[in-house]
Trainee: 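Structure in structure tokens, see below.
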Amino acid sequence: MEWEIVIGIETHVQLSTESKIFSGASTDVGAPPNAHACEVDLALPGVLPVLNKDAVGKAIRFGVATQATINQRSIFARKNYFYPDLPKGYQISQMEIPIVEGGKLKFHVNKTERTVNLTRAHLEEDAGKSLHEDFIGMSGIDLNRAGTPLLEIVSEPEMRSSNEAVEYAKTLHALVRWIGICEGNMQEGNFRCDANVSVRRKGDEKLGTRREIKNLNSFKFLQQAIEYEASWQMEQIEDGLAIVQATVLFDPDSGETRLMRTKEDAHDYRYFPDPDLLPLVIDDEWLIRTRASLPELPESKAKRYQSELELNGPDVASLVSSLEAATYFEATLDQFDQKTIKPAAKLIANWMNGELTASLNRAQKDFTQCPINAETLSNLIKRILDNTLSTKLARLVFEELWSGNSSVDDIITEKGFKQMSDTGEIEAYVSQVIKENSQQVADFKAGKEKALNSLVGQVMKLTKGKANPTQVNDILKTKLS
Amino acid sequence: MLDKTVKELGDALQRKEFSSVELTRAFLDRSKTLNNEVNAFITFDEEQTLAQAKKADKILSTDNATALTGIPIAHKDIWCAKNWITTCGSRMLENFRSPYDAHIIKRFNEYGAVTLGKTNMDEFAMGSSNETSWFGNVKNPWDLNRVPGGSSGGSAAAVSAGMAPASTGTDTGGSIRQPAALCGISGLKPTYGLVSRYGMIAFASSLDQGGPMAKSAEDLAILLEAMVSFDAKDSTSLEKPTVNYSGGINRSMNGLRIGIPKEYFSDQTAPDVQKGVAEALKEYEKMGATLVDISLPTSPLSVAAYYVIAPAEASSNLSRFDGVRYGYRAPKYSDLNDMYAKTRAQGFGAEVKRRILIGTYVLSHGYYDAYYLKAQKVRRLISQDFAHAFKTCDVIMSPTTPSTAFQIGEKASDPVQMYLSDTFTIAANLAGLPAMSIPCGLDQNQLPIGLQLIGNYFDEAQMIAAAHQYQCVTDWHLKKPPLYGV
Amino acid sequence: MSLTKQDVKKAADLARIEITDQEAEDALDPLKKVFTLIEEMQQLNTENVEPMAHAQDISTRLRDDVVTEVDQRELLQASAPAIENGLFLVPKVIDQ
């Protein structure tokens with residue numbers, strides 16, 4: 001019988017505020033231990049929390065972006081448990097009434113559109129860190145991270161494969177960066193996933209017992225952990241053993257998950273409304289302002305690019321992979337008129353997804369730091385569209401642009417990159433090639449279409465790439481027919 | 001000069017009859033001597049105190065002096081004061097030197113007041129007799145074998161014995177009013193949200209409220225003006241227009257409607273207390289006030305609801321005392337959890353542990369609705385009772401406590417008997433209403449009797465005026481205990 | 001309800017307070033008395049009553065997102081039981 005994997009994901013998204021969610025301490029990373037832990041973060045006797053307005057604003061942005069319900073009155077609760085990185089002995093979180101409820105996320109898996117419903121998203125505070133090295137038999141506690149605002153986003157258990165889970169997480173990651181609520185640096189723990197995994201026989205209605213894999217901070221680990229966990233569960237059941245609800249950790253070195261705790265020793269968190277914080281009330285005006293300030297979302301942009309610009313799915317997917325990329329794309333596109341906009345769009349997409357992305361990756365930069373600005377790229381595209389530059393020449397121009405030269409036309413003139421467009425001149429090269437390659441000419445005449453490519457290549461070689469390959473093609477065909 | 005009220009001291013200091021250093025020195029000397037008997041103070045810090053007095057004298061020579069400049073005030077050891085050992089009456093914080101000032105400490109500093117010392121209290125403000133302090137129980141200056149009440153027992157005893165002209169306290173279920181009543185002084189708990197809780201070590205956050213304790217209602221008004229101030233660091237602090245409490249004390253009592261809740265006048269209350277309160281009410285009638293019968297039908301359940309809500313909040317508030325970042329850590333332990341468990345077992349006293357256990361239990365899985373949620377509903381009904389009552393009266397009066405000061409050890413073995421000594425004071429905390437206690441007589445053992453006044457929200461001025469008018473026509477607040485000043 | 005010694009021990013464990021069998025036994029009787037007092041609430045019908053969590057029926061105030069705190073590590077750690085290189089030292093933490 002066939003198995004079905006059921007996955008739900010909880011994501012802890014660090015909100016990119018300047019100060020902490022309940023104190024005025026900095027959220028900057030990289031400070032000496034506890035230098036960014038103020039009296040409130042340390043839970044000194046007598047201190048009290050005051051909620052950061054921007055953290056709330058960012059949660060609202062997320063809710064609006066995912067078409068969720070924003071609860072205009074939400075409640076902060078205390079989640080009580082003892083742990084050295086939790087200074088108050090409780091975490092301020094939201095339980096019964098979170099700020100965001102519902103919502104959905106759309107993404108593609110193997111070119112098929114999937115929609116995953118979101119259960120909720122709530123505000124809470126991050127914990128500090130325990131460091132285990134260098135202290136014999138002891139751990140060192142650094143509370144700089146304690147109090148960093150988190151939005152915990154919980155999905156419904158609607159994913160059915162590790163691929164789906166990864167695409168969900170990638171889409172969510174892109175979205176929170178897109179709407180400017182999270183830096184998205186996964187190495188620094190800005191975006192951490194817990195995966196709830198269970199398995200059942202295909203066709204079963206009842207969900208299997210789930211185990212929760214904690215703290216996955218890369219898409220690769222998310223995929224590996226789910227795959228390992230799912231097959232482990234299948235083996236258990238096939239061996240006649242029951243799955244016990246539990247929390248597990250993924251060990252990237254072994255590629256395995258290991259038990260942290262079972263439900264029996266689960267915590268009794270004793271949630272209750274935090275008496276230090278009054279209900280969080282969000283007025284209509286705040287919601288309206290947020291809706292108006294939200295950038296056009298990737299999904300809408302993608303649809304528009306496909307219908308208005310006739311771009312294909314994969315091209316569009318990478319253009320909307322980040323707000324920076326989409327903004328760069330649109331700024332470049334703005335330089336073209338209605339007549340040339342579609343071919344220009346295709347060329348911009350090709351260049352952005354090809355040379356430009358490759359170069360940016362090599363330089364570890366993003367589109368906002370790109371040394372070639374949108375206008376310059378548009379000038380390059382214009383010279384390709386008017387046949388001044390072949391693709392090959394355009395690449396050479398691009399290299400010049402990348403290294404700091406900013407005028408496309410100056411580069412063409414100075415370096416003599418201008419494409420040959422004089423038909424007579426090209427015809428002369430074509431005739432020479434026909435004369436020197438009698439075998440390929442014979443092959444082509446015998447019906448081997450491929451031979452023509454070789455002949456075109458020869459002409460391009462002779463002209464040092466300056467001939468227009470389409471033109472060469474046409475002339476060759478005429479001469480050989 | 002040691003017997004003057006805050007009002008009189010302020011005037012004398014401004015007239016340069018004596019300096020703040022002289023005054024402070026005299027109070028320090030008297031307090032240190034008397035403390036051997038009364039144990040009202042946990043900490044003196046002469047150096048810091050006298051430095052403040054010197055600074056105050058400088059201010060007194062300018063035009064910037066306030067009514068409190070140069071006046072030594074004893075602070076309950078629940079308030080964090082920078083560079084002061086701040087213990088909250090617990091072994092857990094025996095060596096905790098606060099790195100910051102509570103909002104009200106800042107305010108008193110801004111007013112130029114001098115911190116005389118930190119007063120003894122029930123551990124983490126959990127108690128009604130001051131017997132739960134790690135630093136030994138406070139004794140009642142009226143009878144050293146009796147309790148001063150709690151939890152602000154040190155603050156009450158200090159004022160009562162003339163060790164300080166005034167003090168601060170905090171009141172979660174009666175912790176200002178009950179000791180004020182038992183020690184024969186005046187004490188006021190403001191409307192919840194008027195006095196910042198920042199820097200006040202939390203017991204039950206939704207009930208805790210700081211307030212002044214002094215010899216007279218007029219002094220309370222002066223102190224309250226310093227204590228009431230909006231604080232952006234306390235989310236529950238309220239932004240309200242400034243009220244001149246001391247300027248409004250000369251109101252006529254003519255036509256004042258005094259609500260008499262029938263639930264607070266029963267035979268459970270000691271006969272002498274009943275008599276004392278009845279006579280006080282007659283005084284008010286003489287001044288032109290009318291008595292109105294009211295009912296607070298849910299109030300008999302206030303103690304029950306309180307002993308769910310307060311321990312629940314406390315169990316969570318006290319989780320931060322874990323031996324990691326400050327405070328006591330057990331000397332020997334096997335691992336992390338053992339360190340927690342031993343630290344907390346050794347660092348907390350019996351009553352604190354009892355309340356943590358109650359709070360943990362009522363919040364734990366399966367019991368939340370039956371206890372915590374139920375108690376919050378009872379709380380709503382109690383608060384609605386008051387709203388209803390204030391439609392027909394301006395101020396509510398009752399005994400502060402069912403009896404006068406009891407013997408040390410008398411109720412220590414039965415927590416419920418102890419809890420019931422706050423039976424008349426708790427409801428005001430649950431509703432968040434302002435309330436106060438003023439002396440209104442002595443019982444047959446020459447022990448003070450307290451009259452409780454409960455005002456409507458933000459109506460402290462009315463309540464203080466009523467108390468002041470009473471003190472203008474009676475002298476109960478001027479009676480001194482046998483131990484006074486000796 | 002009847003509170004048991006096990007309930008007491010479980011609550012003590014959740015609250016991280018070491019308690020011996022004898023202590024739990026001794027604690028039981030006074031706690032039962034307290035719960036008898038608390039149980040008085042149950043006689044009251046509270047159907048359709050909105051729970052009251054705060055004295056004032058107002059919403060929470062919000063802070064602007066501004067860094068207001070400076071590094072005061074040395075001062076804030078002055079009362080710490082064990083410190084090394086600015087870190088609070090505790091017995092080895094094992095992931096829970």
Trainee: Is A:Pro84 close to B:Leu336 at the side-chain level, that is, under 4.5 Å between some pair of heavy atoms?
Mentor: yes

Trainee: Going by heavy atoms in the side chains, are B:Tyr100 and A:Val47 under 4.5 Å from each other?
Mentor: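 Side-chain contact under 4.5 Å: yes.
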
Trainee: Is any side-chain heavy atom of A:Pro45 closer than 4.5 Å to a side-chain heavy atom of B:Tyr326?
Mentor: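 They are in side-chain contact.
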
Trainee: Ignoring hydrogens and geometry, is there a side-chain-to-backbone donor-acceptor pair from A:Asp268 to B:His365 under 3.5 Å?
Mentor: yes

Trainee: Can you pull the salt bridge (charged side-chain N to carboxylate O under 4.0 Å, His left out) pairs that have at least one residue in residues 33-51 of chain A, sequence neighbours excluded?
Mentor: A:Lys20-A:Asp41, A:Glu39-B:Lys233

Trainee: Mind checking what makes ring-ring contact (aromatic ring centres under 6.0 Å, His included) contact with B:Phe230, not counting sequence neighbours?
Mentor: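 Partners of B:Phe230 under the ring-ring contact (aromatic ring centres under 6.0 Å, His included) test: none.
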
Trainee: Contact part of A:Asp276 toward chain B, heavy-atom cut-off under 4.5 Å: side chain, backbone, both or neither?
Mentor: both

Trainee: Contact part of B:Leu318 toward chain A, heavy-atom cut-off under 4.5 Å: side chain, backbone, both or neither?
Mentor: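 Answer is neither: B:Leu318 stays 4.5 Å or more from chain A.
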
Trainee: What part of A:Tyr269 gets within 4.5 angstrom of chain B, counting heavy atoms only: side chain, backbone, both, or neither?
Mentor: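 Contact with chain B is absent: no heavy atom of A:Tyr269 under 4.5 Å.
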
Trainee: Taking only residues at least two apart or on different chains, which pairs with a member in residues 308-325 of chain B satisfy salt bridge (charged side-chain N to carboxylate O under 4.0 Å, His left out)?
Mentor: B:Asp322-B:Arg325

Trainee: Please classify the contact of B:Phe321 with chain A as side chain, backbone, both or neither, using a heavy-atom distance under 4.5 Å.
Mentor: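 Side chain of B:Phe321 only, per the 4.5 Å heavy-atom cut-off to chain A.
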
Trainee: With a 4.5 angstrom heavy-atom cut-off, is it the side chain or the backbone of B:Thr360 that approaches chain A, or both, or neither?
Mentor: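 When you check distances to chain A, atoms from both the backbone and side chain of B:Thr360 fall under 4.5 Å.
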
Trainee: In terms of ring plane angle, is the pair B:Tyr372 and A:Phe272 parallel, tilted or perpendicular, where the classes change at 30° and 60°?
Mentor: perpendicular

Trainee: For the pair A:Leu278 and B:Thr236, evaluate side chain to side chain contact (heavy atoms under 4.5 Å, CB included) and give the outcome as yes or no after the intermediate values.
Mentor: CA-CA 7 Å; A:Leu278 298 156; B:Thr236 58; 4.3 Å; yes

Trainee: Pull out the residues in residues 199-210 of chain B that come under 4.5 Å of chain A, heavy atom to heavy atom, sorted by number.
Mentor: B:Gly199, B:Met200, B:Ile201, B:Ser205, B:Ser206

Trainee: Do A:Leu44 and B:Pro99 come close enough that some side-chain heavy atom pair is under 4.5 Å?
Mentor: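 Yes; the side chains approach each other to less than 4.5 Å.
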
Trainee: Checking B:Ser364 against A:Arg270: is there a side-chain donor and acceptor pair closer than 3.5 Å?
Mentor: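 The criterion, which ignores hydrogens and geometry beyond distance, is not satisfied for B:Ser364 and A:Arg270.
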
Trainee: Against chain A, label B:Tyr340 side chain, backbone, both or neither, depending on which of its atoms sit under 4.5 Å from a heavy atom there.
Mentor: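 For B:Tyr340, the contact with chain A is made by the side chain alone.
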
